[in-house]
**Student:** 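Let me begin by handing over the structure; questions about it come next.
As the structure is a computational prediction, the values presented were derived from the model and not from experiment. Sequence lines set the chain letters: A, B, ... in the order given, protein chains first and strands last, and positions in each chain run from 1.
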Number of protein chains: 2
Amino acid sequence: MRRVSIEDIARQAQVSHSTVSRALRGNKRISLAVRTQILQIATELGYTPNAIAQSLQQRQTNTIGLVVADVADPFWGEVVKGVEAVSMHNQKALFLSASQYEPSRQLAVIEVFHQRRVDGIIVGDSQLGDAQITRLARIKVPTVFLNSQADHAYPGFHAVGIDNYAGGVLAAQHLWALGHRQVAYLGSTKRPASNHLRGLGFADTLRGYGLPTSAIMTHHSPSLAEDLRIGYELASTLDFTQVTALFCYNDSIALGALTYCRSVGIAVPQQLSIVGFDDVAMAQFSMPALTTIAQPKVALGETAMHLLLAVLAGQPTIDTILTPTLVVRQSSAPAPKGTAQ
Amino acid sequence: MRRVSIEDIARQAQVSHSTVSRALRGNKRISLAVRTQILQIATELGYTPNAIAQSLQQRQTNTIGLVVADVADPFWGEVVKGVEAVSMHNQKALFLSASQYEPSRQLAVIEVFHQRRVDGIIVGDSQLGDAQITRLARIKVPTVFLNSQADHAYPGFHAVGIDNYAGGVLAAQHLWALGHRQVAYLGSTKRPASNHLRGLGFADTLRGYGLPTSAIMTHHSPSLAEDLRIGYELASTLDFTQVTALFCYNDSIALGALTYCRSVGIAVPQQLSIVGFDDVAMAQFSMPALTTIAQPKVALGETAMHLLLAVLAGQPTIDTILTPTLVVRQSSAPAPKGTAQ
DNA sequence: CTGAAAGCGCTTACAG
DNA sequence: CTGAAAGCGCTTACAG
């Protein structure tokens with residue numbers, strides 16, 4: 001059951017396989033007559049070029065590798081969508097692999113991608129450490145980091161991300177303006193860097209307004225459960241006489257917290273305001289609809305892919321930090337009377 | 001910037017590249033001495049085998065292509081997760097592409113996968129027509145259909161899916177037992193086959209109980225918007241004096257409908273019961289939590305991949321239809337007084 | 001135990 | 001305008 005190759009076409013057309021190759025690639029030096037003949041035989045035979053052979057010969061596979069921590073995460077689903085769209089549009093095939101938030105698996109996936117000689121790699125939520133980065137540098141595959149979770153930048157590599165700190169600032173400004181003076185941040189342990197920055201932007205800003213650090217609580221769960229559940233459980237540990245507003249690492253955590261509150265009769269936003277992050281599809285459909293710090297998710301994926309394409313094309317590039325925006329919906333409202341200082 | 005090849009290793013080790021190849025693959029006919037020496041040089045040089053060259057030579061790429069309609073769909077996110085896990089575990093790399101519910105793009109993606117000589121393909125929500133199937137048959141790539149949306153089976157191909165009709169039956173039984181006698185089905189135009197079967201199982205069962213067809217409404221939206229919005233909009237067209245229960249194509253549509261109901265003050269489940277399909281993560285966290293027909297989403301993906309692996313291994317296989325289960329939560333309750341016949 | 005040779009399916013510089 | 005040759009980086013049957 002051999003597949004048909006240019007050799008087969010050549011035989012039928014009584015020409016050399018070189019000529020077939022040229023005709024197929026639209027080389028104008030082949031006479032129109034033989035070119036059309038070859039094209040016709042090719043369709044008759046149901047010929048499909050072998051991209052593997054082309055890749056080997058051209059030392060370029062037109063293939064991109066994408067590694068994300070979790071494919072089923074609603075945020076990453078949108079990001080992958082953006083990456084895939086641009087990838088497809090530029091005739092690059094996309095390899096997808098999940099790393100489950102494990103740094104060792106991130107590198108393992110990258111090694112596999114390299115074996116397959118992908119032209120470039122996009123890694124989401126990178127937690128690669130120095131040793132792993134050294135190895136990556138040695139591999140010399142153009143790489144762009146998407147929302148890196150490393151504690152420092154990776155010199156020599158490209159990155160696109162969101163301004164997490166600015167997002168935290170936005171949440172703080174919003175909640176402060178509504179009169180909230182006792183707040184909590186529900187964070188995510190799985191994503192150390194963005195978690196830290198969101199919480200920091202939030203706390204710094206409130207402290208800047210004069211709020212004592214003691215009025216800003218921070219809660220993290222070591223659990224590896226899904227975010228909705230983490231949000232629910234974190235909320236259940238809260239002392240609601242001490243907080244009037246919650247800022248959550250992301251919408252899933254916020255939605256989980258919201259569900260807990262409703263289940264125990266805490267009115268949102270009358271008694272408690274909740275602000276999420278990401279603006280996933282569900283944020284518009286919760287009751288109340290979620291106030292959130294929106295990330296341009298699809299654009300983030302598109303931007304990362306465009307950056308990578310530019311790198312591959314040898315063009316000069318600059319890293320991109322997109323800016324989040326505040327989307328006010330119904331889960332946030334003025335602090336309940338008597339709580340403001 | 002050439003990468004290091006077995007040729008480079010051979011030169012350093014003063015042996016032929018054949019010997020290097022053998023040593024690297026653990027061929028026991030190579031003496032231990034030279035084998036260790038070669039292995040060491042390989043690591044020193046940072047050698048990574050070129051899978052492209054191996055693929056060409058072995059006429060097998062250890063690569064699988066997966067085409068789904070929408071990566072960001074919460075149901076498919078879970079399914080992809082299952083496919084990816086099994087794929088990774090069996091050292092197959094996974095190509096991912098989105099078809100946006102367009103049959104022409106499904107085939108286009110398949111053609112690209114074939115060019116790249118994937119060993120097998122999994123296509124989700126297939127809407128391939130006869131002409132396209134003819135082409136696919138000609139390509140002769142082992143293919144398994146995951147939740148096919150074609151109106152008839154594809155003879156000669158493999159399939160795994162859920163028993164949609166049985167799911168509709170489950171919903172009907174549940175709602176009937178609760179005393180509902182005026183119901184509506186909120187369907188999905190984007191997935192014709194499963195939509196039809198879910199609605200049919202639902203309606204057949206109720207008719208079997210003696211409910212007149214006029215008491216079973218069906219609503220579809222031609223919109224290509226996201227499911228949450230479709231559910232919201234479909235719900236807004238309902239005459240709630242004529243329905244006490246809703247069965248929705250999936251959880252997203254159900255969640256959208258639920259949001260609409262809450263926004264206009266219709267109490268769920270007191271005035272209206274809602275049953276979804278899929279049991280996505282969010283179903284447990286809506287208020288009220290959603291009663292739904294659960295699909296084993298990750299298992300569906302895993303099963304499809306296992307089936308494909310069996311086909312590739314030349315083992316005998318049988319198509320699999322998984323059975324959905326009813327998960328009762330808080331969005332369904334006895335029909336309000338006075339509505340039962 | 002090891003090497004020389006052929007070949008996987010292409011592309012392209014070099015001749016003619 | 002077309003062909004013969006080399007080569008991309010491997011694997012493996014055939015000799016020795």
**Student:** Taking atom C1' of C/dG7 as reference, at what distance in whole Å does atom NE2 of A/His17 sit?
**Tutor:**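 The distance from NE2 of A/His17 to C1' of C/dG7 comes to 12 Å, rounded to the nearest Å.
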**Student:** When you match B/Thr48 and A/Asn27 each to their closest nucleotide on DNA chain D, which lands nearer the 5' end?
**Tutor:**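 The residue closer to the strand's 5' end, by nearest nucleotide, is A/Asn27.
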**Student:** D/dC10 C1' sits how many Å from A/Ile52 CD1, rounded?
**Tutor:**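 Atom CD1 in A/Ile52 sits about 13 Å away from atom C1' in D/dC10.
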**Student:** Taking CG from B/Asn50 and P from D/dC8, how many angstroms apart are they, rounded to a whole number?
**Tutor:**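 In whole Å, D/dC8 P lies 12 Å from B/Asn50 CG.
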**Student:** State whether the side chain of A/Ser87 and the backbone N or O of A/Lys92 hold a donor-acceptor pair below 3.5 Å, judged by distance alone.
**Tutor:**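 Confirmed, A/Ser87 side chain pairs with A/Lys92 backbone.
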**Student:** What contact category does A/Arg25 fall into here, base, sugar-phosphate, or nothing, at under 4.0 angstrom with non-hydrogen atoms?
**Tutor:**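 Sugar-phosphate, backbone atoms only, no base.
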**Student:** What is the distance, rounded to the nearest whole Å, between atom NZ of A/Lys28 and atom P of D/dC1?
**Tutor:**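 Taking atom P of D/dC1 as the reference, NZ of A/Lys28 is at 12 Å.
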**Student:** Please state whether the phosphate of C/dT2, meaning OP1 or OP2, lies under 4.0 angstrom from any side-chain nitrogen or oxygen of B/Ser31.
**Tutor:**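 Looking at the OP1 and OP2 atoms of C/dT2, one of them is under 4.0 Å from a side-chain N or O of B/Ser31.
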**Student:** Round to a whole Å and report the spacing from OH of A/Tyr47 to C1' of C/dC10.
**Tutor:**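 Atom-to-atom, A/Tyr47 to C/dC10, this comes out as 7 Å.
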**Student:** Would you please say whether a donor-acceptor pair under 3.5 Å links the side chains of A/Arg191 and A/Ser188?
**Tutor:**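 Note: A/Arg191 and A/Ser188 side chains meet the donor-acceptor criterion.
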**Student:** Hydrogens and angles aside, do A/Ser126 and A/Tyr154 bring a side-chain donor and acceptor to less than 3.5 Å of each other?
**Tutor:**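 Result is yes, a qualifying pair exists.
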**Student:** Does C/dG3 have OP1 or OP2 under 4.0 Å away from a side-chain N or O of B/Ser16?
**Tutor:**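 So the side chain of B/Ser16 is within the cut-off, an N or O lying under 4.0 Å from OP1 or OP2 of C/dG3.
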**Student:** Measure from CD1 on B/Ile30 to P on C/dG3 and round the result to the nearest Å.
**Tutor:**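 In whole Å, C/dG3 P and B/Ile30 CD1 are 8 Å from each other.
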**Student:** A/Leu309 vs A/Met305, test: side-chain contact (heavy atoms from CB on, under 4.5 Å). Steps then yes/no.
**Tutor:** CA-CA 6 Å; A/Leu309 290 172; A/Met305 189 66 204; 4.0 Å; yes
**Student:** Pairing donors with acceptors under 3.5 angstrom, does anything connect the side chains of A/Gln127 and A/Asp125?
**Tutor:**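 There is no such pair between these side chains.
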**Student:** Requiring both pairing distances under 3.5 angstrom, list the stems that contain DNA chain C and are made of three or more consecutive Watson-Crick or G-U pairs.
**Tutor:**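 Ordered by first number, the stems with DNA chain C (at least 3 consecutive pairs each) read C:1-3 with D:14-16, C:5-12 with D:5-12, C:14-16 with D:1-3.
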**Student:** Nearest whole angstrom, please: distance from the C1' of C/dC8 to the CD1 of A/Ile6.
**Tutor:**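 So the CD1-C1' distance, A/Ile6 to C/dC8, works out to 12 Å.
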**Student:** In terms of the nearest nucleotide of DNA chain C, which residue is placed more toward the 5' end: B/Val34 or A/Leu56?
**Tutor:**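 The answer here is B/Val34.
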**Student:** Establish, from distance only, whether the side-chain atoms of B/Ser16 and B/Thr19 form a donor-acceptor pair under 3.5 Å.
**Tutor:**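 B/Thr19 and B/Ser16 do have a side-chain donor-acceptor pair below 3.5 Å.
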**Student:** Do A/Arg22 and D/dG3 have a side chain to base donor-acceptor pair shorter than 3.5 Å?
**Tutor:**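 Result: at least one qualifying N/O pair found.
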**Student:** Between D/dT2, C/dG3, C/dC8, which nucleotide gets closest to the side-chain atoms of B/Arg59?
**Tutor:**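 Within the option list, the nearest is C/dC8.
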**Student:** Relative to the ring of B/Phe145, is the ring of B/Phe157 parallel (under 30°), tilted (30 to 60°) or perpendicular (over 60°)?
**Tutor:**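 Rings of B/Phe157 and B/Phe145: perpendicular, over 60°.
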**Student:** Taking any heavy-atom pair under 4.0 Å as a contact, classify B/Gln54: base, sugar-phosphate, or nothing.
**Tutor:**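 The answer is sugar-phosphate, as B/Gln54 gets under 4.0 Å only of primed atoms, P, OP1 or OP2.
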**Student:** Within the structure shown, what part of the strands sits under 4.0 Å from A/Gln58 by heavy-atom distance: base, sugar-phosphate, or nothing?
**Tutor:**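 Sugar-phosphate, backbone atoms only, no base.
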**Student:** Would you call A/Glu78 and A/Gln295 a side-chain contact if the rule is heavy atoms closer than 4.5 Å?
**Tutor:**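 Not in contact.
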**Student:** Between atom CD in A/Gln57 and atom P in D/dC10, what is the gap in whole Å?
**Tutor:**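 Distance, rounded to whole Å: 15 Å.
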**Student:** Counting side-chain heavy atoms from C-beta on, which of C/dT12, D/dT12, C/dG3 comes nearest to B/Thr19?
**Tutor:**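 Selected nucleotide (nearest to the side chain): C/dG3.
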**Student:** When we call it a touch if two heavy atoms are under 4.0 Å apart, what does A/Ser18 touch: a base, just sugar-phosphate, or nothing?
**Tutor:**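 Since a base atom lies under 4.0 Å of A/Ser18, the category is base.
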